[in-house]
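Notes follow the structure.
Please read all numbers here as calculations on a predicted model, not as lab measurements. For this chain, numbers begin at 1 and follow the sequence in order.
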Amino acid sequence: MLHILYFAWLRDRLGRSDESVALPENARSVQDLITQLRARGGEYGAVFARPEQIRVAVNQRFATVTDPIAANDEIAFFPPVTGG
């Protein structure tokens, strides 16, 4: 199982802060997971339509869409951090 965390506007739009999902059979990278989530349609489709607007961490380390994922990973999606 993957444990997926959503923060900030992603959490608000999806109406949840986290979920556990089985690792899709053909998902080997963050991009594969994003593709699977976008295919759910609705708010998932809208949120993941522009993945360049989302940052990701795998097991609490910043990651890119090409990074690999595996069962039991924690995947966090969040907006870019800005300061001021």
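Contact of the Gln53 side chain with the Pro80 side chain is not registered, since no non-hydrogen atoms from C-beta on lie closer than 4.5 Å. Annotation: side chain of Ile4 is not in contact with side chain of Asp18 (no heavy-atom distance under 4.5 Å). Contact of the Tyr6 side chain with the Ser17 side chain is not registered, since no non-hydrogen atoms from C-beta on lie closer than 4.5 Å. A heavy-atom distance below 4.5 Å is found between the side chains of Gln60 and Glu74. Looking at heavy atoms from C-beta onward, Val65 lies out of side-chain contact with Val56 at the 4.5 angstrom threshold. The closest side-chain heavy-atom distance from Leu33 to Leu23 is not below 4.5 Å.
A side-chain donor-acceptor contact under 3.5 Å links Asp67 and Thr64. Between the side chains of Asn26 and Gln36, at least one donor N or O sits under 3.5 Å from an acceptor N or O.
Considering every non-hydrogen atom in both Pro79 and Phe7, the closest pair reads CD-O, 3.8 Å. The two residues Val58 and Ala63 make their nearest non-hydrogen contact at CG2-CB, 3.7 Å. Smallest separation of non-hydrogen atoms from His3 and Ser20: CD2-OG, 3.8 Å.
Judged purely by atom type and a 3.5 angstrom limit, Arg55 uses its side chain to pair as donor or acceptor with the backbone of Glu52. A donor-acceptor pair under 3.5 Å is absent between the side-chain atoms of Asn59 and the main chain of Asp73, judged by distance alone.
For the pair Arg40 and Glu19, the salt-bridge criterion is met [side-chain N within less than 4.0 Å of a carboxylate O].
Here Phe48 and Phe77 bring their ring centres to under 6.0 angstrom of each other.
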